[in-house]
> 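Just passing along the structure, written as structure tokens.
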Amino acid sequence: QVQLVESGGGLVQPGGSLRLSCVDSGDSSMHYVKGWSRQAPGKEREFVAAISWGGVSTLYADAVKGRFTISRDNDKNTVYLQMNNLKPDDTGIYSCAASSQWPVRRPADFGSWGQGTQVTVSS
């Protein structure tokens, strides 16, 4: 099983930075792809970033490429999302999930998304 808990969200001004963490407290024996998505109230879930098990390959949505960086530390069963130069449009609940396939293109390519951590970008 996969049990993912996100943390690190908060309120930040435009141009600021946050680093999100996603800890997998479940079965770490499976070499899952990990990813991040976000969802604002009344809007569909949006793919943000993904990383292969070994961390060699990464994928980013065009809206965040160049500003966000996904990474993982398998020894800590944790995946990170470093978010720089945040914009108001980045506001949403950020969730993580696992996938058994690569590449991944959309939220439906993953399993269940966690409850997430709120990111609010506003002045």
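This structure is a prediction, so every number in the text was calculated from the model and none was measured.
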> Do Leu20 and Thr117 have side-chain heavy atoms sitting under 4.5 Å apart?
yes

> Indicate yes or no: at least one non-hydrogen side-chain atom of Ile70 is less than 4.5 angstrom from one of Val79.
yes

> Tell me whether Ile51 shares a hydrophobic cluster with Tyr60, the cluster being built from Ile, Leu, Val, Met, Phe, Trp, Tyr side chains joined at under 4.5 Å.
yes

> Any non-hydrogen side-chain atom of Tyr94 less than 4.5 Å from a side-chain atom of Ser37?
no

> Any side-chain to backbone donor/acceptor pair from Thr78 onto Lys76? Under 3.5 Å, distance only.
yes

> If only side-chain N and O atoms count, and only distance matters, is there a donor-acceptor pair under 3.5 Å linking Asp109 with Ser99?
no

> Between Trp53 and His31, how do the two ring planes meet: parallel, tilted or perpendicular, split at 30° and 60°?
parallel

> Mind listing the closest non-hydrogen atom pair of Gln82 and Ser17 along with its distance?
NE2-CB, 4.0 Å

> Would you say that Val64 contacts Arg38 through its side chain, given a criterion of any heavy-atom pair below 4.5 Å between the two side chains?
yes

> Flag yes if more than 12 heavy atoms outside Gln115 fall under 6.0 Å of its CD atom; otherwise flag no.
no

> Looking only at heavy atoms, which two atoms of Ser95 and Gly114 are closest? And how far apart?
OG-O, 3.0 Å

> Going by heavy atoms in the side chains, are Val121 and Gln13 under 4.5 Å from each other?
no

> Just wondering, do Val12 and Met83 contact through their side chains at under 4.5 Å, heavy atoms?
no

> Could you grab the distance from atom NZ of Lys43 to atom CD1 of Ile93, nearest 0.5 Å is fine?
13.0 Å

> Tell me if a side-chain donor or acceptor on Arg67 pairs with a main-chain N or O of Asn85 at a distance below 3.5 Å.
yes

> Can Asp90 and Lys87 be said to form a salt bridge (charged side-chain N to carboxylate O under 4.0 Å, His left out), step by step?
CA-CA 5 Å; Asp90 295 321; Lys87 306 176 183 296; over 6 Å; no

> Test the Arg19-Tyr80 pair against the cation-pi criterion, namely NZ or CZ under 6.0 angstrom from the six-membered ring centroid and within 45° of the ring axis.
yes

> Under a 4.5 Å cut-off applied to non-hydrogen side-chain atoms, are Pro103 and Leu59 in contact?
yes

> Looking only at heavy atoms, which two atoms of Gly116 and Glu6 are closest? And how far apart?
N-OE1, 3.1 Å

> What are the two closest non-hydrogen atoms of Cys96 and Trp113, and how far apart are they?
C-CE3, 3.4 Å

> If you measure from the Lys or Arg side-chain nitrogens to the Asp or Glu carboxylate oxygens, is any gap between Lys65 and Asp62 under 4.0 Å?
no

> Does any non-hydrogen side-chain atom of Val119 lie less than 4.5 Å from one of Thr91?
no

